[in-house]
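Comments concern the structure below.
Keep in mind it's a predicted model, so treat the numbers as computed, not measured. Side chains are part of it too, since the values below use all heavy atoms of this structure and drop only hydrogens, waters and symmetry mates.
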Amino acid sequence: MRKTKKIIAIICVVAILSGALSTIGFAASTDVDYTITNPYANVDWSWDQYKADLHTHTTASDGDDTLKDMLEVNYDYGFDIYAVSDHGTTSYSWTYQEVIPAIQVFLGIKDGTRELVALEEGGGLTFDGDRYDVVTENGGDYYYQTYEDGTTGQYMLRVPYANEQNPTSLNNAHVNTWFVDYGHGVVGGTSDYETPIKAVDELGGLSVINHPGEYTNARDEEYTCDAYDESYSYYIDKFESLLLKYPSCIGIDINSKGDSRTRFDRKLWDIMLMDLAPQDRNVLVIATSDAHRVSAAYTGYTMMIMPENTVDNLYDCMSNGEFFAASKCLGNNEELNEIAMYLVENGDADAAAIGEDILARQAEDYNAKYEAPLDVEAPMINEIIVDDDADTIKLDVEDDLCIRWISNGKTIAYGDEIDLDDYSGEVGAYVRAEVFGEGGIVYTQAMLLDYEGAPEHEYKEDANDFGWLASIIPDTIVRFLASLSIFKYIWEAMMK
């Protein structure tokens, strides 16, 4: 059995590599007039990039650590933007947490109930004895620390109204929402993505589909070639329909919580891009820690490119796709093998050593992840230069070991620049880049491509979604129980 699995794994890797290497080594140049839709077109690259985690938890829902714990550890990691997206519990403030007794009880049955520690109004002391303060400026709440020498650290912005919707979903059909007040205390949500996405869209907020592999159960596949195959068409149609109907649903989470459950969700991203890019609908992606404890902080995150760290700028940045998804972890075996083999064959001594180490660990454990050292900086994309006349895209990057250009779900080129004319017949309706370094991986948003002969795709906007059938019984029971006042007394007893 183990030998059979290894043979299948080798076939998957060879298939990926043969597609990549054949295009890299034998691509023929053809003059095609490409129109490149660049989500970063309006970025001024002199702006700063702000490190953000858009999805985290505290003891107000099912987290192991308090709000104060989570804020302090992420501040120490250099985060500039932070969202507390507890299940069904909206983030209104860092100085007060209003818990929902029914949600606490439902989640507590599984995870237990823990102490709540918010920040003090007017400021206070960190666990290390430094001074912290919370101020409201530019329409947002900021947390900052002052050290013994009198210097002040970065101002960390609270993402307003963050909430992970569908708190009692039995199949983890989770949606993260921000910027508008919806979902506080709303229970249920089994299989029901549309209710929160539609409500937030109507209110003017933003949303994203969280960790799709957990809902689709693609996380249970062992090989990339099995994940999101034809048997997953219901889920893919469902997600695509939601993105077409609701522009404020910016896309999906493709790397979170250490990348075990999301390791195949880059494949889902490519499938959705192949279907939706011909309809001029980009699929934006985020990465998050989804941290429920301080030990999981600084795994997945985003880098927001903005003129100033304000709520309005953050909203625009997220709406336009002017950010990069990034992660310290990479859990897909085939992706890791492709990167590692490239580093061994094309990198310098240090890069080759990292590649050899990845391959050695993969040989010992097929499911071994790459986990970047927290004290090593991830690659930094300083600029993306798009020349629509020359049909080229170039990245100005530092701390990178490998840059892959991906279209139609496969690697078509390596290097800091791609000339699309060199890959005619290989590029589809989009191209995107992944930058790997010792300190992690960074994903650009996709660039949409239009040209004579570009792929076309007819898609029915309203997919047949029978997910509501799965929600009738469990959600009806949950909502009835949540309406009973007895939950308040049960929660109070659990807190004693």
Side-chain angles (χ1 to χ4, degrees), residues 2 5-6 8-10 12-13 16-17 53 55-56 77 172 210-214 216-228 252-270 285-302 324-344 347 350-379 399-404 406 411 434-443:
R2 289 179 61 84
K5 288 185 175 182
K6 286 186 176 180
I8 295 174
I10 291 170
C12 289
V13 173
I16 293 172
L17 285 174
D53 196 340
H55 182 179
T56 68
Y77 281 134
N172 296 327
N210 286 344
H211 40 71
E214 189 164 49
T216 63
N217 291 317
R219 64 178 180 177
D220 297 330
E221 301 288 0
E222 190 163 6
Y223 308 111
T224 305
C225 47
D226 294 325
Y228 297 112
I252 62 175
D253 160 23
I254 53 147
N255 189 321
S256 66
K257 209 173 189 175
D259 196 40
S260 293
R261 61 187 175 172
T262 54
R263 64 189 182 279
F264 301 123
D265 288 343
R266 274 83 70 189
K267 180 178 179 180
L268 172 63
W269 180 24
D270 284 313
V285 295
I286 68 169
T288 73
S289 71
D290 190 5
H292 287 64
R293 58 195 60 85
V294 296
S295 61
Y298 196 23
T299 47
Y301 58 100
T302 56
F324 305 117
S327 180
K328 287 287 187 179
C329 304
L330 191 58
N332 184 292
N333 177 278
E334 287 88 347
E335 291 174 357
L336 278 171
N337 269 273
E338 181 186 330
I339 291 169
M341 291 175 69
Y342 179 84
L343 295 181
V344 170
D350 292 336
I354 292 172
E356 289 168 354
D357 181 64
I358 291 173
L359 293 174
R361 286 187 285 108
Q362 292 292 325
E364 293 181 3
D365 178 5
Y366 178 81
N367 294 312
K369 296 189 295 185
Y370 181 78
E371 296 180 289
L374 295 180
D375 59 350
V376 175
E377 292 295 328
D399 298 324
D400 63 301
L401 297 175
C402 170
I403 300 175
R404 300 194 298 154
I406 295 168
T411 303
E434 295 183 3
V435 185
F436 179 82
E438 183 182 0
I441 187 164
V442 179
Y443 307 89

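- Every pair tested for salt bridge (charged side-chain N to carboxylate O under 4.0 Å, His left out) that includes a residue from residues 365-379 fails, sequence neighbours excluded, so the list is empty.
- Between Ala287 and Thr302, the closest heavy-atom pair is O-CG2, 3.7 Å.
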> When you look at Glu222 and Tyr366, which way does the side-chain contact (heavy atoms from CB on, under 4.5 Å) test go after all the steps?
Replying inline: CA-CA 9 Å; Glu222 190 163 6; Tyr366 178 81; 3.9 Å; yes
>> Let's go through Tyr370 and Ile339 carefully: what are the C-alpha distance in whole Å and the side-chain angles of both, what is the deciding distance for side-chain contact (heavy atoms from CB on, under 4.5 Å) to 0.1 Å, and is it a yes or a no?
In response: CA-CA 11 Å; Tyr370 181 78; Ile339 291 169; over 6 Å; no
> Are Thr216 and Tyr228 close enough, and set up right, to give a side-chain contact (heavy atoms from CB on, under 4.5 Å), and what steps lead you there?
Replying inline: CA-CA 9 Å; Thr216 63; Tyr228 297 112; 3.1 Å; yes
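- Ion pairing between a basic and an acidic side chain is recognised when a charged N comes within 4.0 Å of a carboxylate O; Arg266 and Asp270 show no such pairing.
- With sequence neighbours left out, the side chain to side chain contact (heavy atoms under 4.5 Å, CB included) criterion links Thr299 to Ser289, Cys329.
- For Gly440 against Pro379, the heavy-atom pair with the smallest separation is O-CD, 3.4 Å.
- In terms of heavy atoms, Val285 sits closest to Ile254 at CG1-CG2, 3.6 Å.
- Annotation: ring-ring contact (aromatic ring centres under 6.0 Å, His included) contacts of Tyr301 (sequence neighbours excluded): Tyr298.
- Counted by atom type alone, Ser256 and Asn210 present zero donor-acceptor pairs between their side chains at under 3.5 Å.
- Side-chain atoms of Tyr77 and Asp53 include no donor-acceptor pair closer than 3.5 Å.
- The pair Asp253-Arg261 does not count as a salt bridge, with every side-chain nitrogen at least 4.0 angstrom from each carboxylate oxygen.
- Here Glu335 contributes atom CD and Thr411 contributes atom OG1; the two are 8.5 Å apart, rounded to the nearest 0.5 Å.
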